[in-house]
Amino acid sequence: MAAQKKHKKVLVAMSGGVDSSVAALLLKKEGYDLAGATMCLGIAEDGAGEAKCCGADAVGDARRVCDAIGIPHYVLDFAAAMEEKVIGRFIAEYRRGRTPNPCVDCNACLKFGLLLDRSRAMGFDYLATGHYALLESDSRGIHMRKPADRGKDQTYFLYPIGRTALDAVLFPLGGLMKEEVRRIAAEAGLPVAGKAESQDICFVGRGNLSTFFERHGCDIHPGEIVNRSGRVLGRHRGIVYYTIGQRGGLGISHPTPLYVLEIDAAANRIVVGNKDELRSRGLTASALICLQDGWPLRAAAKIRYRKKEVPCRLEAKGDKLLVLFDEQQEAVTPGQSVVLYDGDTVVGGGIIEGAIGEH
RNA sequence: UGGGGCGUCGUCAAGCGGUAAGACACAGGAUUUUGGUUCCUGCAUUCGGAGGUUCGAAUCCUCCCGCCCCAG
(Lines give C-alpha, C1' and ligand atoms only; values in the text may rest on other atoms or scores of the structure.)
Protein backbone atom coordinates (compact mmCIF):
# COMPACT_ATOMS: atom_id res chain seq x y z
CA MET A 1 0.00 0.00 0.00
CA ALA A 2 2.67 2.43 1.04
CA ALA A 3 4.61 1.56 -2.03
CA GLN A 4 1.61 2.39 -4.17
CA LYS A 5 1.12 5.72 -2.52
CA LYS A 6 4.67 6.70 -3.14
CA HIS A 7 3.86 7.00 -6.76
CA LYS A 8 0.78 9.09 -6.25
CA LYS A 9 1.13 12.82 -6.49
CA VAL A 10 -1.08 14.84 -4.19
CA LEU A 11 -1.64 18.56 -4.04
CA VAL A 12 -2.91 19.81 -0.69
CA ALA A 13 -4.96 22.98 -0.63
CA MET A 14 -3.50 24.94 2.24
CA SER A 15 -5.26 27.86 3.82
CA GLY A 16 -2.64 28.45 6.45
CA GLY A 17 -4.93 27.04 9.10
CA VAL A 18 -4.51 24.11 11.43
CA ASP A 19 -6.70 21.70 9.52
CA SER A 20 -5.10 21.87 6.10
CA SER A 21 -1.67 21.91 7.71
CA VAL A 22 -2.34 18.68 9.55
CA ALA A 23 -3.88 17.20 6.42
CA ALA A 24 -0.58 17.85 4.66
CA LEU A 25 1.40 16.45 7.54
CA LEU A 26 -0.59 13.22 7.60
CA LEU A 27 -0.32 12.71 3.85
CA LYS A 28 3.39 13.32 4.01
CA LYS A 29 3.74 10.68 6.71
CA GLU A 30 1.80 8.25 4.57
CA GLY A 31 4.37 8.60 1.87
CA TYR A 32 2.59 10.49 -0.86
CA ASP A 33 4.50 12.65 -3.28
CA LEU A 34 3.21 15.86 -1.85
CA ALA A 35 3.05 19.56 -2.57
CA GLY A 36 1.05 22.36 -1.01
CA ALA A 37 -0.89 25.07 -2.78
CA THR A 38 -2.48 28.22 -1.49
CA MET A 39 -5.03 30.09 -3.49
CA CYS A 40 -4.26 33.77 -3.60
CA LEU A 41 -7.66 35.35 -3.84
CA GLY A 42 -6.59 38.96 -4.05
CA ILE A 43 -8.69 40.04 -1.18
CA ALA A 44 -6.06 41.51 1.06
CA GLU A 45 -6.99 44.78 -0.63
CA ASP A 46 -6.44 47.90 1.38
CA GLY A 47 -5.96 47.78 5.10
CA ALA A 48 -9.70 47.97 5.62
CA GLY A 49 -10.39 44.46 4.43
CA GLU A 50 -8.04 42.48 6.61
CA ALA A 51 -9.10 39.13 5.29
CA LYS A 52 -8.50 36.34 7.74
CA CYS A 53 -8.47 33.14 5.84
CA CYS A 54 -7.12 33.93 2.42
CA GLY A 55 -4.94 36.98 2.75
CA ALA A 56 -1.21 37.45 2.67
CA ASP A 57 -1.09 36.07 6.16
CA ALA A 58 -2.50 32.79 4.94
CA VAL A 59 0.12 32.46 2.24
CA GLY A 60 2.89 33.09 4.74
CA ASP A 61 1.58 30.59 7.23
CA ALA A 62 1.05 27.95 4.58
CA ARG A 63 4.58 28.47 3.34
CA ARG A 64 6.01 28.09 6.83
CA VAL A 65 4.12 24.87 7.31
CA CYS A 66 5.31 23.49 3.97
CA ASP A 67 8.86 24.36 4.88
CA ALA A 68 8.45 22.64 8.22
CA ILE A 69 7.08 19.52 6.59
CA GLY A 70 9.52 19.66 3.77
CA ILE A 71 7.30 19.92 0.70
CA PRO A 72 7.11 22.41 -2.14
CA HIS A 73 4.58 25.21 -1.90
CA TYR A 74 2.78 26.91 -4.72
CA VAL A 75 0.78 30.07 -4.66
CA LEU A 76 -1.91 30.20 -7.30
CA ASP A 77 -3.55 33.41 -8.32
CA PHE A 78 -7.31 32.94 -8.40
CA ALA A 79 -8.20 36.51 -7.72
CA ALA A 80 -10.10 37.02 -10.95
CA ALA A 81 -12.16 33.87 -10.50
CA MET A 82 -12.84 34.72 -6.91
CA GLU A 83 -14.11 38.12 -7.90
CA GLU A 84 -16.28 36.81 -10.69
CA LYS A 85 -17.56 33.47 -9.45
CA VAL A 86 -17.85 34.04 -5.75
CA ILE A 87 -17.93 37.69 -4.85
CA GLY A 88 -19.85 38.75 -7.94
CA ARG A 89 -22.45 36.11 -7.34
CA PHE A 90 -22.57 36.95 -3.65
CA ILE A 91 -23.48 40.53 -4.43
CA ALA A 92 -25.87 39.68 -7.23
CA GLU A 93 -27.77 37.22 -5.07
CA TYR A 94 -28.12 39.62 -2.20
CA ARG A 95 -29.48 42.28 -4.51
CA ARG A 96 -32.12 39.85 -5.65
CA GLY A 97 -33.21 39.53 -2.07
CA ARG A 98 -31.67 36.09 -1.67
CA THR A 99 -29.11 34.82 0.79
CA PRO A 100 -26.15 33.25 -0.96
CA ASN A 101 -23.73 30.80 0.60
CA PRO A 102 -20.33 31.86 -0.69
CA CYS A 103 -18.60 28.87 0.87
CA VAL A 104 -20.59 26.56 -1.34
CA ASP A 105 -19.76 28.64 -4.41
CA CYS A 106 -16.13 28.76 -3.46
CA ASN A 107 -15.98 24.99 -3.14
CA ALA A 108 -17.82 24.51 -6.40
CA CYS A 109 -15.95 27.03 -8.50
CA LEU A 110 -12.57 27.46 -6.91
CA LYS A 111 -11.38 24.67 -4.65
CA PHE A 112 -12.97 21.76 -6.45
CA GLY A 113 -13.28 23.60 -9.74
CA LEU A 114 -10.32 25.64 -10.84
CA LEU A 115 -7.89 24.34 -8.27
CA LEU A 116 -8.72 20.75 -9.05
CA ASP A 117 -8.31 21.42 -12.77
CA ARG A 118 -5.03 23.12 -12.13
CA SER A 119 -3.76 20.27 -9.99
CA ARG A 120 -4.57 17.80 -12.75
CA ALA A 121 -2.84 20.00 -15.28
CA MET A 122 0.19 20.06 -13.02
CA GLY A 123 0.23 16.28 -13.01
CA PHE A 124 -1.25 15.57 -9.60
CA ASP A 125 -3.39 12.50 -9.05
CA TYR A 126 -5.30 13.90 -6.11
CA LEU A 127 -6.35 17.15 -4.56
CA ALA A 128 -6.52 17.01 -0.76
CA THR A 129 -8.07 19.48 1.64
CA GLY A 130 -8.47 19.80 5.38
CA HIS A 131 -12.23 19.45 5.31
CA TYR A 132 -14.03 17.23 7.76
CA ALA A 133 -15.77 14.66 5.59
CA LEU A 134 -15.23 11.04 4.61
CA LEU A 135 -14.98 9.39 1.24
CA GLU A 136 -15.76 5.71 1.06
CA SER A 137 -16.07 3.47 -1.92
CA ASP A 138 -18.05 0.35 -2.58
CA SER A 139 -19.12 -1.51 -5.70
CA ARG A 140 -21.27 1.41 -6.83
CA GLY A 141 -18.61 4.02 -6.55
CA ILE A 142 -17.35 6.62 -4.14
CA HIS A 143 -19.61 8.10 -1.51
CA MET A 144 -19.23 11.17 0.60
CA ARG A 145 -20.10 10.61 4.22
CA LYS A 146 -20.23 12.54 7.42
CA PRO A 147 -16.93 12.68 9.31
CA ALA A 148 -16.06 11.13 12.65
CA ASP A 149 -16.28 14.52 14.32
CA ARG A 150 -19.96 15.30 13.89
CA GLY A 151 -19.50 18.70 15.42
CA LYS A 152 -17.21 19.69 12.57
CA ASP A 153 -19.19 18.07 9.77
CA GLN A 154 -18.58 20.11 6.62
CA THR A 155 -20.43 17.96 4.14
CA TYR A 156 -23.04 20.70 3.85
CA PHE A 157 -20.49 22.79 2.00
CA LEU A 158 -18.97 19.96 0.02
CA TYR A 159 -21.84 18.51 -2.01
CA PRO A 160 -21.04 20.73 -5.02
CA ILE A 161 -17.80 18.85 -5.62
CA GLY A 162 -19.83 16.68 -7.96
CA ARG A 163 -19.75 12.97 -8.46
CA THR A 164 -17.08 12.77 -11.10
CA ALA A 165 -14.54 14.66 -9.04
CA LEU A 166 -14.89 12.48 -5.96
CA ASP A 167 -12.27 10.01 -7.10
CA ALA A 168 -9.70 12.78 -7.34
CA VAL A 169 -10.21 14.17 -3.88
CA LEU A 170 -8.81 13.25 -0.47
CA PHE A 171 -10.00 14.34 2.97
CA PRO A 172 -7.33 13.09 5.39
CA LEU A 173 -9.10 14.51 8.44
CA GLY A 174 -12.42 12.76 7.97
CA GLY A 175 -11.71 10.11 10.56
CA LEU A 176 -10.29 12.44 13.18
CA MET A 177 -11.69 14.59 15.93
CA LYS A 178 -10.79 18.25 15.93
CA GLU A 179 -8.95 17.91 19.20
CA GLU A 180 -6.82 15.13 17.74
CA VAL A 181 -5.97 17.37 14.83
CA ARG A 182 -4.88 20.12 17.16
CA ARG A 183 -2.84 17.68 19.19
CA ILE A 184 -1.12 16.37 16.10
CA ALA A 185 -0.31 19.92 15.04
CA ALA A 186 1.08 20.73 18.46
CA GLU A 187 3.14 17.54 18.71
CA ALA A 188 4.61 18.14 15.30
CA GLY A 189 5.43 21.68 16.29
CA LEU A 190 3.61 23.17 13.36
CA PRO A 191 3.78 26.95 13.45
CA VAL A 192 0.01 27.26 13.17
CA ALA A 193 -0.96 24.82 15.92
CA GLY A 194 -2.62 27.41 18.08
CA LYS A 195 -4.48 29.28 15.38
CA ALA A 196 -8.13 30.08 15.98
CA GLU A 197 -10.97 28.58 13.97
CA SER A 198 -11.76 30.53 10.88
CA GLN A 199 -15.14 32.10 10.66
CA ASP A 200 -16.90 34.98 8.98
CA ILE A 201 -17.10 35.32 5.26
CA CYS A 202 -13.45 35.46 4.30
CA PHE A 203 -13.72 38.15 1.66
CA VAL A 204 -15.93 40.45 3.63
CA GLY A 205 -13.24 40.76 6.22
CA ARG A 206 -13.50 42.23 9.60
CA GLY A 207 -16.26 44.57 10.49
CA ASN A 208 -19.39 44.97 8.55
CA LEU A 209 -21.12 44.08 5.38
CA SER A 210 -21.87 47.74 4.79
CA THR A 211 -18.30 48.69 4.12
CA PHE A 212 -17.99 45.63 1.92
CA PHE A 213 -20.98 46.63 -0.18
CA GLU A 214 -19.77 50.21 -0.28
CA ARG A 215 -16.36 49.15 -1.51
CA HIS A 216 -18.05 47.25 -4.28
CA GLY A 217 -20.10 50.21 -5.30
CA CYS A 218 -23.51 48.89 -4.40
CA ASP A 219 -26.27 51.38 -3.97
CA ILE A 220 -28.19 50.25 -0.95
CA HIS A 221 -31.59 51.75 -0.29
CA PRO A 222 -33.40 51.80 3.03
CA GLY A 223 -37.05 50.82 2.86
CA GLU A 224 -40.10 49.72 4.74
CA ILE A 225 -40.58 46.80 7.07
CA VAL A 226 -44.16 45.57 6.92
CA ASN A 227 -46.21 42.75 8.36
CA ARG A 228 -48.27 40.29 6.36
CA SER A 229 -51.15 42.75 6.29
CA GLY A 230 -48.99 45.40 4.74
CA ARG A 231 -48.86 47.58 7.79
CA VAL A 232 -45.60 49.48 8.09
CA LEU A 233 -43.82 48.60 11.32
CA GLY A 234 -40.46 50.15 10.74
CA ARG A 235 -37.66 50.75 8.30
CA HIS A 236 -34.77 48.62 7.13
CA ARG A 237 -31.24 49.71 6.25
CA GLY A 238 -31.23 47.96 2.92
CA ILE A 239 -32.44 44.57 1.82
CA VAL A 240 -28.96 43.08 1.69
CA TYR A 241 -28.58 43.20 5.43
CA TYR A 242 -31.36 40.72 6.10
CA THR A 243 -31.99 37.05 5.67
CA ILE A 244 -35.08 34.95 6.16
CA GLY A 245 -35.53 33.79 9.72
CA GLN A 246 -33.48 36.63 11.07
CA ARG A 247 -34.67 38.06 14.33
CA GLY A 248 -32.26 40.71 15.41
CA GLY A 249 -31.55 44.01 13.77
CA LEU A 250 -35.11 44.96 13.02
CA GLY A 251 -35.32 47.51 15.79
CA ILE A 252 -39.03 46.93 16.14
CA SER A 253 -40.58 46.53 19.52
CA HIS A 254 -43.53 44.20 19.45
CA PRO A 255 -45.36 41.95 21.91
CA THR A 256 -43.55 38.97 20.41
CA PRO A 257 -40.20 38.73 18.70
CA LEU A 258 -40.42 39.32 14.97
CA TYR A 259 -38.65 37.37 12.26
CA VAL A 260 -37.96 38.14 8.62
CA LEU A 261 -40.49 36.15 6.56
CA GLU A 262 -39.88 37.49 3.08
CA ILE A 263 -37.52 39.79 1.27
CA ASP A 264 -39.18 41.58 -1.61
CA ALA A 265 -36.37 42.98 -3.71
CA ALA A 266 -38.67 44.51 -6.31
CA ALA A 267 -40.58 46.52 -3.73
CA ASN A 268 -37.52 46.99 -1.57
CA ARG A 269 -39.54 45.76 1.36
CA ILE A 270 -39.08 43.29 4.12
CA VAL A 271 -42.01 41.32 5.50
CA VAL A 272 -41.87 40.27 9.12
CA GLY A 273 -44.04 38.13 11.35
CA ASN A 274 -44.11 35.65 14.17
CA LYS A 275 -41.92 32.60 14.37
CA ASP A 276 -44.72 30.21 13.53
CA GLU A 277 -45.28 32.01 10.24
CA LEU A 278 -41.81 30.96 9.21
CA ARG A 279 -42.76 27.38 8.55
CA SER A 280 -43.06 25.73 5.18
CA ARG A 281 -44.05 22.30 3.96
CA GLY A 282 -41.22 22.04 1.50
CA LEU A 283 -39.04 23.73 -1.05
CA THR A 284 -37.97 23.68 -4.65
CA ALA A 285 -34.30 23.44 -5.48
CA SER A 286 -32.31 23.97 -8.66
CA ALA A 287 -28.66 23.80 -9.66
CA LEU A 288 -28.86 20.21 -8.55
CA ILE A 289 -25.83 18.09 -7.92
CA CYS A 290 -26.39 14.42 -7.31
CA LEU A 291 -23.62 12.28 -5.88
CA GLN A 292 -25.53 9.03 -6.34
CA ASP A 293 -27.16 7.18 -9.19
CA GLY A 294 -30.30 9.21 -8.84
CA TRP A 295 -32.57 10.87 -6.35
CA PRO A 296 -34.18 8.47 -3.90
CA LEU A 297 -37.83 8.81 -2.94
CA ARG A 298 -36.97 9.70 0.59
CA ALA A 299 -34.03 11.40 2.27
CA ALA A 300 -33.10 13.73 5.10
CA ALA A 301 -32.82 17.39 4.14
CA LYS A 302 -30.55 19.95 5.69
CA ILE A 303 -31.66 23.44 4.69
CA ARG A 304 -29.11 25.50 6.53
CA TYR A 305 -25.71 24.88 8.02
CA ARG A 306 -25.88 23.80 11.63
CA LYS A 307 -29.50 22.91 11.30
CA LYS A 308 -30.22 19.24 11.73
CA GLU A 309 -31.51 17.39 8.73
CA VAL A 310 -35.13 16.33 8.67
CA PRO A 311 -36.96 13.45 6.96
CA CYS A 312 -38.50 14.37 3.64
CA ARG A 313 -39.89 13.09 0.37
CA LEU A 314 -38.27 13.91 -2.96
CA GLU A 315 -39.92 14.57 -6.28
CA ALA A 316 -37.92 15.29 -9.39
CA LYS A 317 -39.55 17.88 -11.59
CA GLY A 318 -37.61 18.59 -14.74
CA ASP A 319 -34.37 20.24 -13.75
CA LYS A 320 -35.77 21.00 -10.35
CA LEU A 321 -36.28 18.97 -7.24
CA LEU A 322 -39.20 19.18 -4.84
CA VAL A 323 -38.33 18.51 -1.25
CA LEU A 324 -41.37 17.87 0.92
CA PHE A 325 -40.75 17.75 4.64
CA ASP A 326 -42.51 15.25 6.86
CA GLU A 327 -42.82 18.08 9.34
CA GLN A 328 -42.89 21.77 8.49
CA GLN A 329 -39.59 23.57 8.69
CA GLU A 330 -38.71 27.11 9.60
CA ALA A 331 -36.90 29.63 7.47
CA VAL A 332 -36.56 28.05 4.06
CA THR A 333 -34.24 30.59 2.46
CA PRO A 334 -33.78 31.07 -1.29
CA GLY A 335 -30.10 31.11 -2.18
CA GLN A 336 -29.08 28.76 0.60
CA SER A 337 -28.28 25.16 -0.15
CA VAL A 338 -30.39 22.15 0.65
CA VAL A 339 -28.26 19.06 1.14
CA LEU A 340 -29.81 15.61 1.11
CA TYR A 341 -28.60 12.69 3.15
CA ASP A 342 -29.25 8.99 3.29
CA GLY A 343 -28.11 8.24 6.79
CA ASP A 344 -24.52 9.44 6.92
CA THR A 345 -24.16 9.50 3.18
CA VAL A 346 -24.52 12.66 1.13
CA VAL A 347 -26.96 12.06 -1.70
CA GLY A 348 -26.52 15.50 -3.22
CA GLY A 349 -27.86 18.98 -2.98
CA GLY A 350 -29.01 22.10 -4.71
CA ILE A 351 -29.83 25.73 -4.30
CA ILE A 352 -33.14 26.61 -2.71
CA GLU A 353 -35.38 28.56 -5.07
CA GLY A 354 -38.40 28.98 -2.89
CA ALA A 355 -40.62 27.59 -0.19
CA ILE A 356 -43.69 25.46 -0.78
CA GLY A 357 -46.84 25.64 1.24
CA GLU A 358 -46.11 28.69 3.16
CA HIS A 359 -48.67 29.86 5.55
C1' U B 1 -58.86 77.28 31.22
C1' G B 2 -66.45 73.43 32.39
C1' G B 3 -65.95 68.16 33.26
C1' G B 4 -63.12 63.49 33.03
C1' G B 5 -58.55 60.57 32.18
C1' C B 6 -53.34 59.86 31.91
C1' G B 7 -47.92 60.61 32.54
C1' U B 8 -43.02 54.05 35.39
C1' C B 9 -36.33 51.76 30.96
C1' G B 10 -35.84 53.25 23.54
C1' U B 11 -41.18 50.84 23.05
C1' C B 12 -45.29 48.25 25.48
C1' A B 13 -46.32 47.36 30.45
C1' A B 14 -46.73 45.33 36.03
C1' G B 15 -47.00 47.75 40.59
C1' C B 16 -52.26 50.60 44.32
C1' G B 17 -47.74 52.60 51.45
C1' G B 18 -42.79 48.72 52.44
C1' U B 19 -38.24 49.68 49.64
C1' A B 20 -39.07 49.36 40.69
C1' A B 21 -42.05 42.33 37.42
C1' G B 22 -42.10 41.00 32.50
C1' A B 23 -42.06 41.42 27.11
C1' C B 24 -39.99 43.64 22.73
C1' A B 25 -35.76 46.40 21.31
C1' C B 26 -30.63 47.13 22.27
C1' A B 27 -25.43 45.71 23.90
C1' G B 28 -21.85 42.00 25.05
C1' G B 29 -20.63 36.79 25.13
C1' A B 30 -21.04 31.32 23.84
C1' U B 31 -21.69 28.30 19.46
C1' U B 32 -20.11 28.34 14.08
C1' U B 33 -15.78 27.80 7.28
C1' U B 34 -22.44 31.56 5.13
C1' G B 35 -23.08 37.96 10.14
C1' G B 36 -29.84 33.15 10.38
C1' U B 37 -31.65 30.36 14.55
C1' U B 38 -30.64 29.03 19.62
C1' C B 39 -28.38 29.83 24.40
C1' C B 40 -26.07 33.01 28.42
C1' U B 41 -25.31 37.80 30.54
C1' G B 42 -26.25 43.00 30.98
C1' C B 43 -29.89 46.86 30.64
C1' A B 44 -34.66 52.53 35.31
C1' U B 45 -30.79 53.74 43.06
C1' U B 46 -35.49 55.38 39.97
C1' C B 47 -41.09 56.10 38.62
C1' G B 48 -43.18 64.16 34.37
C1' G B 49 -41.41 68.28 38.09
C1' A B 50 -41.46 70.63 43.02
C1' G B 51 -43.13 70.41 47.87
C1' G B 52 -45.85 67.79 51.93
C1' U B 53 -47.88 63.47 55.13
C1' U B 54 -45.30 58.96 57.02
C1' C B 55 -40.39 55.05 60.37
C1' G B 56 -40.96 54.32 55.10
C1' A B 57 -44.25 56.47 48.89
C1' A B 58 -43.91 55.09 42.09
C1' U B 59 -48.03 54.20 45.22
C1' C B 60 -51.61 59.33 49.86
C1' C B 61 -52.12 65.08 49.67
C1' U B 62 -50.96 70.04 47.22
C1' C B 63 -49.27 72.92 43.31
C1' C B 64 -46.94 73.16 38.51
C1' C B 65 -45.73 71.02 33.51
C1' G B 66 -47.25 67.84 29.40
C1' C B 67 -50.61 64.81 26.76
C1' C B 68 -55.70 62.69 25.69
C1' C B 69 -61.12 62.61 25.68
C1' C B 70 -66.08 64.73 26.37
C1' A B 71 -68.72 69.04 26.47
C1' G B 72 -70.09 74.01 25.74
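Order of the sequence lines sets the chain letters (A, B, ...), proteins ahead of strands, with each chain counted from 1. Because only heavy atoms are used, hydrogens play no part in the values below, and waters and symmetry mates are left out as well, while side chains stay in.
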Complementary nucleotide for [N] - Watson-Crick or wobble, under 3.5 Å:
N      : result
B/rA71 : none
B/rC43 : none
B/rC24 : B/rG10
B/rU37 : none
B/rG56 : none
B/rU32 : none

Take atom [atom1] of [X] and atom [atom2] of [N], then tell me their distance rounded to the nearest Å.
X      : N      : atom1 : atom2 : result
A/R304 : B/rU37 : CZ    : C1'   : 8 Å
A/L233 : B/rA25 : CG    : C1'   : 13 Å
A/Y156 : B/rU32 : OH    : P     : 18 Å
A/K302 : B/rU32 : NZ    : C1'   : 11 Å
A/I244 : B/rG35 : CD1   : C1'   : 16 Å
A/L258 : B/rC12 : CG    : C1'   : 13 Å
A/L250 : B/rA25 : CG    : P     : 8 Å
A/Y242 : B/rU37 : OH    : C1'   : 17 Å

At under 4.0 Å, does any side-chain N or O of A/K275 touch on OP1 or OP2 of B/rU38?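 Checking A/K275 against B/rU38: at least one side-chain N or O falls below 4.0 Å of OP1 or OP2.
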
Classify the side chain of A/Q336 versus the base of B/rU34 as yes if they form a donor-acceptor pair under 3.5 Å and no if they do not.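 Looking at the base of B/rU34, it does pair with a donor or acceptor on the side chain of A/Q336 (distance under 3.5 Å).
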
Does any donor-acceptor pair link the side chain of A/R247 with the base of B/rU37 at a separation under 3.5 Å?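 Under the 3.5 Å cut-off, the side chain and the base do not form any donor-acceptor pair.
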
Side chain of A/Y259: nearest nucleotide among B/rC24, B/rU38, B/rU32?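 Looking only at side-chain atoms, A/Y259 lies closest to B/rU38.
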
By nearest nucleotide on RNA chain B, pick out whichever of A/I252 and A/P100 is the more 5' one.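 This one resolves to A/I252.
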
Go nucleotide by nucleotide along RNA chain B from the 5' end; which of A/H254 and A/F90 gets its closest nucleotide reached first?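 Here A/H254 is the residue nearer the 5' end.
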
Can you tell me, in whole Å, how much space there is between the [atom1] of [N] and that of [M]?
N      : M      : atom1 : result
B/rA30 : B/rG35 : C1'   : 15 Å
B/rC9  : B/rC24 : C1'   : 12 Å
B/rU59 : B/rU19 : P     : 15 Å
B/rA58 : B/rA50 : C1'   : 16 Å
B/rU62 : B/rG4  : P     : 13 Å
B/rU31 : B/rU37 : C1'   : 11 Å
B/rU45 : B/rC63 : C1'   : 27 Å
B/rU41 : B/rU46 : C1'   : 22 Å

I need the single residue from A/N101, A/T99, A/T243 that forms a side-chain hydrogen bond (donor to acceptor under 3.5 Å, both in side chains) with A/R304. Which is it?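 That would be A/T243; it is the only one of A/N101, A/T99, A/T243 passing the side-chain hydrogen bond (donor to acceptor under 3.5 Å, both in side chains) with A/R304.
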
Specify whether A/F90 and A/F213 have parallel, tilted or perpendicular ring planes, treating 30° as the upper limit for parallel and 60° as the lower limit for perpendicular.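 Aromatic pair A/F90/A/F213 classed parallel.
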
Parallel, tilted or perpendicular for A/H216 and A/F212, by the 30°/60° rule?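 A/H216 vs A/F212 ring planes: tilted.
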
Between [X] and [Y], is there a side-chain N and carboxylate O pair less than 4.0 Å apart?
X      : Y      : result
A/K8   : A/D33  : no
A/E187 : A/R183 : yes
A/D342 : A/R298 : no
A/R96  : A/E93  : yes

When all nucleic acid strands are considered with a 4.0 Å heavy-atom cut-off, which category describes [X]: base, sugar-phosphate, or nothing?
X      : answer
A/Y132 : nothing
A/G17  : nothing
A/Q246 : sugar-phosphate

